[in-house]
> 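Structure provided below as structure tokens; questions to follow.
Proteins get letters first, then strands, A, B, ... in listed order; numbering begins at 1 in each.
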Amino acid sequence: MSLHSFSLSLSLSSLSTALSKAAATSQEALLRSCNSSCRKHLDQLYVQLIVSGLYKCGFLVIKFVNACLHLRDVNYAHKVFREVLEPDILLWNGIIKGYTQNNIFAGAIRMYKDMQVSGVNPDCFTFLYVLKACGGMSVEGIGKQMHSQTFKYGLGSNVFVQNSLVSMYARFGQTSSARLVFDKLHNRTVVSWTSIISGYVQNGDPVDALRVFKDMRRSTVKLDWIVLVSVVTAYTDMEDLGQGKAIHSLVTKLGLEFEPDIVVSLTNMYAKCGRVEVARFFFNQMEKPNLLLWNAMISGYAKNGYGEEAIELFRKMISKNIGVDSVTVRSAILAVAQAGSLELARWLDGYISKSEYRDDVFVNTALIDMHAKCGSICFARGVFDRMVDKDVVLWSAMIMGYGLHGHGQEAIDLYNRMKQSGVCPNNVTFVGLLTACKNSGLVKEGWELFHQMRDHGIEPHHQHYSCVVDLLGRAGYLNRAYDFIMSMPIKPGVSVWGALLSGCKIHRQVRLGEIAAEQLFLLDPYNTGHYVQLSNLYASAHLWNHVGNVRLMMTQKGLNKDLGHSSIEINGNLETFHVGDRSHPRSKEIFEELDRLERRLKAAGYVAHMESVLHDLNHEEIEETLCNHSERLAVAYGIISTAPGTTLRITKNLRACVNCHSAIKLISKLVDREIIVRDAKRFHYFKDGVCSCGDFW
DNA sequence: ATAGGGTTAG
């Protein structure tokens, strides 16, 4: 059969049906993520289109373009598009949509310009895709031009176009421009309200988002689940569980509580607000949780210190062959980093090295952080060295890792190597460097590095200022630290005053400490840590009345001292201990060992500093509380359950207490073991009676 | 043919 007769044999309608079928089958195929056979089908159709001359029929080409788009192959669509001599507006819209939907935003904008050159006027559909492309690639100038073009083409009051403008400005981070567009819209739909509400949420302004939501409820527009997702997110960001629960009841009242994506946002809300068990209830009630729900649950566990639960879910996903994405992987890494388990870190590293994320920069940066936090600076360095393309954040993560371990000089050396390799530092790099200096007592170096920031065009943030205050404070230069705070160009925040207070505690500077505490109570009234620090400061100066007053303030505010817990990893199992914990099956032996250690400590001349404990306790109770601290229980358990000489690795949720710190120093010598403790701030390496932190933390 | 949302965040 000749080509000519072949083309004649095709009827218009049969080709049309074939293309519809191609679009439908290719969509299915995409779901099955096997598109090779469909590609072949498309090739055949393409030949047919060209050969038959039917590519001149606009609607057939549109169908073809749609088939291509289902295959996410915009290049193929473009190839056909170019065959058409005078594309009409429908075809132009089709191809622009194709680029936008495939996230090739520059292509969409280029096609828009080509379209104008060719003399075809855009319509409302055109703008939807072009505005989305502008938002997607954050081209504010072009976006603004497009905005004026909408007026030129008489679309100033088209709801669809105006809604897209609201979203576009929100994506630029210009919520006030978005708001102006929104305010001028009088025929607002639920989509208009959702666009402005989510715009505020995405730009970190949940308060305004909720204000708008209040207005919305006074309007006649009906709520749907999509707008409620944004509202739940707003309450999640504000950590306002009370109001969040109210929205939860509203969701139930509207019968939307089984909407899968509402479930995701509610799970996330309860998890972020610390109510992991409620989150887990949501998770469990779904027969087949979607990927986002798995991710919300895993990250919720990870962030609240439930590392093992997070990893358990992650393992379940793998064994059930549920596909994970990079968010899942990063949440799992976070979970292991929080748990501090060396064994889990090794396992996860192995898993990732065999996965498609093995070269992902984000994942590898998180891995460096994880290995460092699990106490394995060598593994962190291994990941770092393996990466060929190192960006600033990768370098910074490694620098931070050294800082965490108190290897200040290594951090600085690495920084110099980074500059040599042509990578410019950013503010994260300096957080790492300054942290490294403060954890190693490198006062002079830290001070100089802080002043180098401006040479690199980096404006210091709160974290940098607080590192400097910490650096000066622990070295005893408290008045200088205070003057430094007073000279700050930005308003000193919680971290800065917190750093001053801890410096004051180390050097028993009551007056300045009170000034810092006063600020902290104003800025962060419900954070227990500040009250404990102030109380410890008073205790160190023997001001027992004041200690009592702080205690009273805490009771009045309904605050309890955060409970300490420590975990130790034995044969790959994490065992967690709380203060005075007697729930462990080997509890009896643990307490016998604690007694034995206590006697040996006393014999070696160890005396507890009673000052640093919160009290209205009598002497005996103090001693009792001291030796019951969770880290001591973990040490005792470690000693009785491992071979002599084995290194003990312990993770504690709070900062190390002074007494346990000096006790563990001595224990490391008495039992001749290396003991590694990761507290809330850093690593302590105890060996032969000394600690790597040099007793400053 | 039309628009809006959610998980991470080194």
> Please confirm whether the ring centroid of A:F182 lies under 6.0 Å from the ring centroid of A:W193.
yes

> Which ones in residues 361-374 of chain A lie close to DNA chain B, meaning a heavy atom under 4.0 Å from one of its atoms?
A:V361, A:F362, A:T365, A:D369

> Is there a stack between A:W193 and B:dG4, judged by ring centres under 5.5 Å and planes under 30°?
no

> Is A:R211 paired with A:D215 through a side-chain N to carboxylate O contact shorter than 4.0 Å?
no

> Closest to the A:Y129 side chain: B:dA1, B:dT8, B:dG6?
B:dA1

> So which nucleotide from B:dG4, B:dA1, B:dT2 ends up closest to the side chain of A:D123?
B:dA1

> Has A:F160 got its ring stacked on the base of B:dT2, with centres under 5.5 Å and planes less than 30° apart?
yes

> Under 4.0 Å, heavy atom to any atom of DNA chain B: which of residues 197-209 of chain A qualify?
A:S198, A:Q202

> B:dT8, OP1 or OP2 - any side-chain N/O from A:K272 closer than 4.0 Å?
yes

> Which of the following nucleotides, B:dA9, B:dA1, B:dT8, is nearest to the side chain of A:N93?
B:dA1

> Just call it for A:N163: base, sugar-phosphate, or nothing, with non-hydrogen atoms closer than 4.0 Å on any strand.
base

> Do the two ring centres, one from A:H464 and one from A:F430, sit under 6.0 Å apart?
no

> Give a yes/no on whether any side-chain N or O of A:K132 is located under 4.0 angstrom from OP1 or OP2 of B:dG4.
yes

> Over how many whole Å does the gap from A:N295 atom CG to B:dG6 atom P extend?
14 Å

> Tell me whether A:R217 at atom CZ has more than 12 heavy atoms from other residues, nucleotides or ligands lying less than 6.0 Å away.
no

> Quickly work out the A:M168 CE to B:dG4 C1' distance and round it to whole Å.
16 Å

> Does the ring centre of A:F127 sit less than 6.0 Å away from the ring centre of A:H147?
no

> If we ignore angles and hydrogens, is there a donor and acceptor under 3.5 Å between the side chains of A:S198 and A:S230?
no

> To the side chain of A:A397, which of B:dA1, B:dT7, B:dG10 is closest?
B:dG10

> Could you tell me which non-hydrogen atom of A:L394 sits nearest to which non-hydrogen atom of A:N364, and how far apart they are?
CD1-C, 4.2 Å

> NA contact type, A:S265, heavy-atom cut-off 4.0 Å: base, sugar-phosphate, or nothing?
nothing

> Taking atom types as modelled, find out whether A:N163 and A:R188 have a side-chain donor-acceptor pair closer than 3.5 angstrom.
no

> I'd like to know if A:S195 reaches the base of B:dG4 with its side chain such that a donor and an acceptor end up less than 3.5 angstrom apart.
no

> Measure the distance from CG on A:D224 to C1' on B:dG6 and round it to the nearest whole Å.
14 Å

> Can you check the A:D237 CG to B:dT8 C1' distance for me, whole Å?
13 Å

> Just by distance, no angles: are the side chains of A:N268 and A:S265 close enough, under 3.5 Å, to form a donor-acceptor pair?
no

> Please check if the distance between the ring centroids of A:W294 and A:F283 is under 6.0 Å.
yes

> Just compare B:dA3, B:dA9, B:dT7 and give me whichever is closest to any side-chain atom of A:L292.
B:dT7

> Would you kindly give the CD1-to-C1' distance between A:I96 and B:dA1, to the nearest whole Å?
13 Å

> Is the distance from OP1 or OP2 of B:dT8 to the nearest side-chain N or O of A:S299 less than 4.0 Å?
yes

> Remember a base hit wins even if backbone is also touched, and classify A:V329 as base, sugar-phosphate or nothing at under 4.0 Å, heavy atoms.
nothing

> Counting side-chain heavy atoms from CB outward, which of B:dG4, B:dT8, B:dA3 is closest to A:S167?
B:dG4

> Check for me whether A:K97 meets the cation-pi criterion with A:F125, that is, NZ or CZ under 6.0 Å from the six-membered ring centre and within 45 degrees of the ring axis.
no

> Near DNA chain B, counting only heavy atoms under 4.0 Å, which residues of residues 243-251 of chain A show up?
none

> How about A:W395 and A:F384: are their ring centres within less than 6.0 Å of each other?
yes

> With heavy atoms under 4.0 Å as the rule, sort A:N290 into base, sugar-phosphate or nothing.
base

> Rounded off to whole Å, could you give me the CG-to-C1' distance for the A:L266 and B:dT7 pair?
14 Å

> Using a 4.0 Å heavy-atom cut-off, does A:T189 contact any base of the nucleic acid, only the sugar-phosphate backbone, or nothing at all?
base

> Please report, rounded to the nearest Å, how far the P atom of B:dG4 is from the CH2 atom of A:W225.
13 Å

> Find the distance A:I399:CD1 to B:dG10:P and express it as a whole number of Å.
16 Å

> What's the closest nucleotide to the side chain of A:V264 if the choices are B:dA9, B:dG6, B:dT8?
B:dG6

> Given 3.5 Å as the limit, does a donor-acceptor pair link the side chain of A:Q202 with the main chain of A:A170, or not?
no

> May I have the step-by-step check of salt bridge (charged side-chain N to carboxylate O under 4.0 Å, His left out) for A:R346 and A:D349, ending in yes or no?
CA-CA 5 Å; A:R346 299 285 146 92; A:D349 186 281; over 6 Å; no

> Counting the atoms with a prime plus P, OP1 and OP2 as sugar-phosphate, which does A:L293 contact under 4.0 Å by heavy atoms, base, sugar-phosphate, or nothing?
nothing

